[in-house]
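What you are looking at is a predicted structure, and each value in this text was computed from that prediction instead of being measured.
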Amino acid sequence: MTGEYETVEHDVLVIGAGGAGLRAAIEAASTGVRVGLVCKSLLGKAHTVMAEGGVAAAMGNVDDRDDWKVHFADTMRGGQYINNWRMAELHAREAGARVNELEAWGALFDRTPDGRILQRNFGGHKYPRLAHVGDRTGLEMIRTLQDHGIHQGIDIHMEVTIVALLTDGGRVCGAFGYDRERGRFHVYKAAAVVMATGGIGRAFKITSNSWEYTGDGHALAYDAGAALQDMEFVQFHPTGMIWPPSVRGILVTEGVRGEGGILKNNQGKRFMFDNIPDNYKSSTADNLEEGWKYVTGDKNSRRPPELLTRDHVARMIMREVKEGRGSPHGGVFLDIAWIKEHIPNAAEHIKRKLPSMYHQFMQLAGIDITKEAMEIGPTTHYVMGGIRVDGDTQMSTVPGLFACGEVAAGLHGANRLGGNSLSDLIVFGQRAGEHAAKFAKANKKYTIDPAQADNAARAALAPFDRTTTADGPFQVQEALQETMHANVGIVRNDADLRSALATINTLREKAANVAVRGNRNYNPGWNTALDLPSLLTVSEALTRAAIAREESRGGHFREDKPDKDPAFGTFNFVITKGADGEMQLKREQIPEMPANLKAIIEENK
Amino acid sequence: MDASSALPTENTREQTFRLWRGERDEGEFQDFKATVTDGMVVLDVVLQIQAEQANDLACRWNCKAGKCGSCSAEVNGKPKLMCMTRLDQLPANEPVTVEPMRAFPHVKDLVTDVSWNFEQKMKVAKFQPRAPDAPDGTWRMQQADVDRVQEFRKCIECFLCQDVCHVLRDHHKHDEFIGPRFITYVAALEMHPLDTADRIPALKEEHGVGFCNITKCCTEVCPEHIQITDNAIIPLKERVVDQFYDPVGKLVKIFSRRSTNT
Amino acid sequence: MTHQPLPIQRGFGETLRRDLWWVSPLIVFLSFSAFLVYGTWAAFQNAYYTYGPYLSPFYSPEIWGDSHWALLGPKPGWWPTYVPFSPALLILPIPGLFRFTCYYYRGAYYKGFWADPANCAVGEARKVYRGEKPMPNALQNLHRYSMYLVLVVMAFLAYDAWEAFWWLDMGGNVHFGAGLGTVIMWANLVLLSGYTFGCHSVRHIVGGFKDRLSGQPIRAACYSGCSRLNAKHGSWARWSMFSVGFTDIYIRLCAMGYITDWRIF
């Protein structure tokens, strides 16, 4: 088989072309090394386009009391203090500069009256902090990076799926993959690899993620020996569309609540006031009037409870539904139309501030959000967990393998604040690119082992040789999604998690017997069959970590252990592949936080 | 969350979907029967057929929410995003035809090779901002000035405008004309409050803006409702006139020493 | 890159569209043709173009002519006998050229008259296509000049509409008054103004050529006003075409004695 593969050589190979991957590629290219960028879809279609609300950066354009320290403290509080504090610090310090850089590359954010970048309120952020463009900030960001990136001499390989990382004595030295169009195999030689593949949303039934988000990066890194961390923490976005069935899971931006949207149950009650967590009591409004004042920019008011962290809001919605106060299709109501009680021309205001939400509901659900309430419910949105990386360099535990964006763990701890994802992409994309280039320059010598490529190729072609009449790739994927959704979803317990683990094992066997029809040319059946191993790996990691974390924290809620246990607040669960190929889970102590950062957290309590 | 599945759903019915099947030069319509409800979009049905009846049915898609512009195709003869075309907008008692975009080389089934578009973007001179003029090393811009360009930046690059444009679709001017998408891209750069480059000569010659005969089909199909013709193409044609067809206007401008900050 | 072959090409009129796509180009073809035929006939008639204080918009401004509106008196003696004369023929080329080179009309007649394309996503007959890039089609870029001239004509039409309030009675005195024709002339003026000031070229010269309008409130107001009209430029174009023809018909019928103008006050 050797020699049949088209081979290209880069110094740095970036896998994934969303915000993080593009930013990493741009940074690496700027240091003069040869950069390759591989993406599973077309360029510019990555999930970053779906980000709506904004990019969090403490620039203080709207409220000058904001600075990186408050942002740092907000991020740590949101992550329940198991974040990689170094990442949280760097992120808060550098986000502003990265946003300004986007503007220098052509991004056009909404403006303040004095002509600076406008910032909006978002859940968990003390001050208006999200630089935004209506409700299509992610599109603005990815397009800016794309349009800038294509002129930086980066080799872009579109619609290529990586199926294995190539290693040389413990370090990474490239990747092996196939192109969707013809199913040809490619070897990408590279002294450093940046993983920027995004999330794992496709492991769940109801998700805002597209077909691509099958945890490829997590699984590739894991198979190459890297450690995964915090895999139990999955963010269920509280507001996804739920009706009609075909739109289930599509995101409804938190910006709706940032602009004054309120959550109501079927009795018309704003239930979010009923249960405000202690650590947010001091910063949350206790009456309707104050909450409204806050979203209109009154600096002396506290946030409405709809803008509490996503994990909390999602659970509160689930409780209303469970206790029989839900909407007709099993969610609750999100109402932005009510602001007409407060402002004239509310309909125009809503259309201007939330244009794509307006169109999304109008077109897909036939609902005019300027007149009616939306029916919403939680949807799988984001995984806080991912590849364990060094806070400064973004290098994983495998030399030469870097990770940034959603696929990297640490910044968000147990729960991510809205808006911190887009800033994560550009802050750590930049860092990963810089350090990957540095690594590549310093470690040019490596040898490609052809057997690794051959093995990957053999495994990839195996489904064509099978003739079983068992479940097809889509059926196995669907079964996994059902299991994960039912047992490893928003509300978990030990028994469910263990049953999920058992099902995952059964599905692994089924996946190994999946047969595909047709040829290698643009064959979604085959492509889906090859995504299954990654999905199964991340699902298992997620489930194992969720079993081990016998408490509730952030995105991880155990109904059998509903309280937070301080004993679990000092370490992260880390997963590696054992010598026997079995998954190993261990606790890694969180290093002591420096005194200055501790002081910042105390000040902002 | 699953409480809803117990509820009666919308009217379920069986409908025929006539999908283009085949690779490259060869292909034909193949009929599939699918069980559908009114709230579904065309992409739902295509994915359902793919999962249940034809695993190798090629179809490009991502966000399924009209934000990424991947699932462009022609539904009942009209360029559309499959994810935003609800079945209740189509005749219920006739087969629904879905075929790939016709202005690009065919790859397989509903997938076309859109790489030509990415090459066109490379041809347009990149963003070149003026020097920062605010004390903090950034710029000040007014929302009123940003609005105009933000409309163009809504573009999700679905390339439906390229598909429907007869200059490409019927006359194959791919080598001489960059198409409505990239004229809009030029407009976003040319009208950017910070940009200093001049792309007008290139627009007239290499980019072939003169091929556009303003039939507005691009505007009609744009899923983001960008007024491509009125707000991007024609204003740029007017800027071409400024530079190449309006000696009097040019003289006036020289004599009045008016800065045009274009 | 040389472009790879495209999938099946459709022949003229072939499409999978299910709607009545041929209706709108057909309407354009029939209505524009009707207007052209009537306008040509009316322009050549060289009579019945005034009635009371009304002057047909086809004949305004009247440079040389027999009515009291004529700016330079009757037809000059040097006018060659073999060239047909009518005041309308002297002035109609201006609005005619304006509309012919108008972006809306171009799009409409390329579809309705030239079938290139007949409608969106419908197969075409022609193999050769040059668009508006080479001469003589590039002359469409002169739209701006015809716009300048039309602005002058518009000033005359506004004056005509004002004049339509002033009636001469039997005793030779001038009275303020209005007839149905006055109303029609004003409606025509409004529609023509909506069309003219929503012109893409006007929009460009008042502000569109600049990238930044903040800090220039007057220019910004003009630009946004033009933009608002421009958003419905096609409608303004169709309605003003109808109104200008209708105004002429109304005055002509009054002058020919087929109908009596209704004097309002």
Side-chain angles (χ1 to χ4, degrees), chain B residues 25 27 74 76-79 91 94 97 99-100 102-106 112-113 116 119 142 144-145 164 166-167 169-175 177 190-193 195 208 210-217 220-221 227 229-230 234-235 237-242 244-246 248-249 260-262, chain C residues 1-10 15-19 21 103-104 106-108 110-111 114 116-117 119-124 126-134 137-145 148 200-201 203-205 208-215 220 227 230-231 233-234:
Chain B
D25 303 332
E74 299 189 6
N76 284 357
K78 283 194 173 173
E94 308 170 17
T97 60
E99 53 178 336
R102 292 281 167 189
F104 309 115
H106 189 219
T112 49
D113 175 4
W116 173 81
E119 291 159 22
Q142 291 303 310
D145 297 332
V164 80
H166 74 127
V167 181
R169 184 188 181 90
D170 295 287
H171 301 298
H172 310 168
K173 297 283 183 196
H174 294 77
D175 295 334
F177 181 57
E190 278 295 304
M191 299 175 193
H192 195 297
D195 183 73
F211 279 112
C212 166
N213 67 347
I214 330 159
T215 45
K216 282 200 168 183
C217 296
E220 240 173 65
V221 300
Q227 294 298 313
T229 319
D230 285 325
I234 295 175
K237 280 181 173 251
E238 285 292 317
R239 289 187 180 200
V240 170
V241 174
D242 276 347
F244 296 96
Y245 299 99
D246 188 9
V248 179
T260 59
N261 70 46
T262 42
Chain C
M1 163 189 124
T2 323
H3 204 62
Q4 297 163 41
L6 298 177
I8 300 175
Q9 200 63 47
R10 300 225 151 92
T15 180
L16 289 186
R17 280 178 68 162
R18 309 276 176 89
D19 55 344
W21 59 265
Y103 291 101
Y104 161 72
R106 276 144 78 179
Y110 286 133
K111 276 183 183 166
W114 201 239
D116 200 352
N119 210 336
C120 308
V122 175
E124 292 193 11
R126 285 180 195 75
K127 291 278 167 279
V128 180
Y129 178 79
R130 287 190 295 268
E132 299 184 342
K133 211 177 171 211
N137 294 11
L139 288 174
Q140 299 277 31
N141 287 309
L142 297 182
H143 184 49
R144 187 175 298 179
Y145 286 95
Y148 292 134
H200 292 88
S201 291
R203 187 180 181 217
H204 177 75
I205 59 164
F209 71 98
K210 281 173 127 344
D211 296 338
R212 280 177 287 165
L213 293 173
S214 56
S227 299
N230 181 262
H233 197 47

Chain B contact via C/Y104 - side chain, backbone, both or neither, heavy atoms under 4.5 Å: neither
State which residues pass disulfide (SG to SG under 2.5 Å) with B/C217; sequence neighbours excluded, sorted by chain then number. C/C120
Parallel, tilted or perpendicular: which describes the rings of B/H172 and B/H174, with under 30° parallel and over 60° perpendicular? tilted
Under 4.5 Å to a heavy atom of chain B? For C/H204 that would be side chain
Check whether the side chains of C/H233 and B/D230 place a donor and an acceptor atom closer than 3.5 Å, and report yes or no. no
Are B/H171 and B/F211 close enough that their ring centers fall under 6.0 Å? no
Quick check on B/V240 against chain C: is it the side chain, the backbone, both or neither that has a heavy atom closer than 4.5 Å? neither
Winner by heavy-atom pair count (cut-off under 4.5 Å) against chain B, out of C/N119, C/D19, C/T15, C/V128: C/D19
Would you please say whether a donor-acceptor pair under 3.5 Å links the side chains of B/D170 and C/Y129? no
Top residue by heavy-atom pair count (under 4.5 Å) with chain C, among B/E99, B/Q142, B/E220? B/E99
Between B/R239 and B/I234, is there a donor-acceptor pair closer than 3.5 Å when you use the side chain of the first and the backbone of the second? no
When only pairs under 4.5 Å are counted, which of C/S227, C/S214, C/G215 shares the most heavy-atom pairs with chain B? C/S214
Could I get the full list of ring pair (Phe, Tyr, Trp, His ring centres under 6.0 Å) partners for B/H192, not counting sequence neighbours? B/F127
Lys/Arg-Asp/Glu bridge criterion (N-O < 4.0 Å) met for C/R203, B/E238: no
Side chain, backbone, both or neither: which part of C/N137 has an atom under 4.5 Å from a heavy atom of chain B? neither
Enter the distance from B/R102:CZ to B/R169:CZ here, rounded to the nearest 0.5 Å. 7.5 Å
Residue, of C/K111, C/R106, C/R17, that accumulates the most heavy atom pairs under 4.5 Å with chain B: C/R17
Given heavy-atom pairs under 4.5 angstrom as the criterion, report whether the side chain, backbone, both or neither of B/Q227 touches chain C. neither
Can you tell me which of C/A231, C/G131, C/A121 forms the most heavy-atom pairs within a distance under 4.5 Å of chain B? C/A121
What part of C/L142 gets within 4.5 angstrom of chain B, counting heavy atoms only: side chain, backbone, both, or neither? side chain
Heavy-atom cut-off 4.5 Å, strictly under: side chain, backbone, both or neither for C/R18 against chain B? both
Given the options B/V164, B/D242, B/T97, which has more heavy-atom pairs under 4.5 Å with chain C than any of the others? B/D242
